[in-house]
Amino acid sequence: MRLATWNVNSIRARVDRVTDWLERADVDVLAMQETKCADDQFPTMPFAAIGYEVVHCGFNQWNGVAIASRIGVEDVQVGFDGQPTWSGKPDVQGAAEARALGATCGGVRVWSLYVPNGRTVDSPHYHYKLEWLAALRETAQKWLAQDPQVQIALTGDWNIAPTDDDVWSVEFYQGSTHVTEPERAAFNAIVDAQFADVVRPFTPGPAVYTYWDYTQLRFPKNRGMRIDFILGSPGLAQRVTHAEIVREERKGKAPSDHAPVLVELD
DNA sequence: ATGTCGGGTGTTACCCGA
């Protein structure tokens, strides 16, 4: 089974590139983030035409997560239990954002996750990001406690560079989100809860990235960040035979600013 | 952050977000 995750930065702007790659790379299941559309705007037809069923969660033009599978999609869940809501205002009831979608594909519990960006360390979005990650850890721990053998893949855009090797310049990101100690601790707490980064052993750094800003020739200069990850429960991690970051897909005409991340399971 | 991309709209000129 070949399982991938990709922040597509608008599925409507990228559908041809995404479906082309699915076929070329022989992908069975793709988790997407930043689809940037509502459910009724998602272009399901091009996926169906090449044999993929799609489930999507999008409420408006922001965020949006999806899972495309050619090996079945069962037990679809929009959001995880305890997922924080966002309002941005102290007295206003928050609304759930389209940042988490779970489905079982070929016996693997796949989660497509788009962790809040955080914006700046003094923003309410930053606090929301940390809360969101803590809630995910708590819920993921419960899944594993219920069934230690369960095969879970927590995939997506985590908006965190867990180590200094994961950014092109420590100086550049000094004081910014994505590299702060609380964000790294929140990520590592999920790793410590037995969800291992199953890609890094196959793609060791430094200077190995999954995202490059569109500006300033960042991609040709390889000035990026590693912020997209596939974390696997023990049952899943032991099945991983290969992993790669598909840098080629950041090249060419109208690419996403993220590359797909792919694992192969036996 | 934005010398770039997306989305959007009181749309052809700006706004927001990453």
Side-chain angles (χ1 to χ4, degrees), chain A residues 5-21 31-44 46 56-66 84-89 92 94-100 112-130 132-133 155-162 166-180 183 186-187 209-229 247-261:
Chain A
T5 185
W6 196 359
N7 178 321
V8 296
N9 188 18
S10 171
I11 190 58
R12 287 176 293 174
R14 216 77 62 206
V15 62
D16 290 347
R17 276 199 76 130
V18 172
T19 51
D20 284 355
W21 181 70
M32 288 167 267
Q33 300 84 37
E34 276 210 273
T35 57
K36 286 187 169 174
C37 65
D39 288 344
D40 60 1
Q41 298 174 305
F42 191 100
T44 53
H56 179 251
C57 167
F59 304 131
N60 50 39
Q61 71 269 44
W62 306 121
N63 315 308
V65 282
T85 58
W86 169 255
S87 84
K89 296 165 197 139
V92 178
E97 292 191 307
R99 294 184 178 276
S112 182
L113 303 169
Y114 181 44
V115 175
N117 174 288
R119 301 194 184 180
T120 57
V121 294
D122 58 359
S123 162
H125 290 267
Y126 179 74
H127 179 69
Y128 171 58
K129 179 180 194 173
L130 295 176
W132 203 95
L133 288 159
T155 84
D157 177 355
W158 294 75
N159 273 316
I160 297 169
D166 300 329
V167 294
W168 66 272
S169 166
V170 171
E171 293 73 31
F172 182 83
Y173 289 105
Q174 193 72 44
S176 301
T177 60
H178 295 57
V179 300
T180 67
E183 288 166 279
F187 181 87
Y209 310 124
T210 64
Y211 159 85
W212 301 260
D213 194 291
Y214 287 121
T215 67
Q216 311 288 338
L217 298 175
R218 289 280 164 71
F219 181 67
K221 293 179 175 173
N222 196 29
R223 295 180 167 181
M225 307 176 92
R226 189 202 289 250
I227 56 175
D228 300 270
F229 298 97
R247 213 174 171 283
E248 286 298 307
E249 287 306 310
R250 180 62 179 76
K251 300 178 180 175
K253 192 174 172 229
S256 168
D257 43 3
H258 295 250
V261 178

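Within every chain, numbering begins at 1; the chains are lettered A, B, ... in the order of the sequence lines, protein sequences first and strands thereafter.
- Straight-line distance from the NZ atom of A:K221 to the C1' atom of B:dG3: 11 Å, rounded to whole Å.
- Straight-line distance between the C1' atoms of B:dC16 and B:dG10: roughly 16 Å, to the nearest whole Å.
- Using atom P as the reference point in both B:dG7 and B:dT2, the two lie 22 Å apart (nearest Å).
- Nucleotides B:dC14 and B:dA1 have their P atoms positioned 23 Å apart, rounded to a whole Å.
- When all heavy atoms are compared, the tightest approach of A:V121 to A:Y126 is O-CD2, 3.4 Å.
- The number of heavy-atom neighbours closer than 6.0 Å to NE2 of A:H127, taken from other residues, nucleotides and ligands shown, is 12 or below.
- Atom CD of A:Q174 and atom C1' of B:dA1 are 16 Å apart (whole Å).
- B:dC15 and B:dT11 have their P atoms separated by 14 Å, given to the nearest Å.
- Closest approach of A:L130 to A:A186, counting heavy atoms only: CD2-CB, 4.4 Å.
- A cation-pi contact, defined as under 6.0 Å to the ring centre and within 45° of the axis, links A:R218 to A:F172.
- Look at B:dT12: its glycosidic torsion is within 90° of 0, and that puts it in the syn range.
- Rounded to an integer number of Å, the gap from CZ of A:R223 to P of B:dT4 is 16 Å.
- At a cut-off of 3.5 Å, with distance as the only test, a side-chain donor of A:N9 or A:K36 sits close to an acceptor on the other residue.
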Quiz item: Could you write nucleotides 6-18 of chain B as a row of B, S and -, 5' to 3', where a protein heavy atom under 4.0 Å of any base atom gives B, of only sugar-phosphate atoms gives S, and otherwise -?
Solution: BSS-------BSS
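- Residues A:S176 and A:E183 share a closest heavy-atom pair of O-OE1, 4.5 Å.
- For the pair A:R218 CZ and B:dC5 P, the computed distance is 13 Å after rounding to whole Å.
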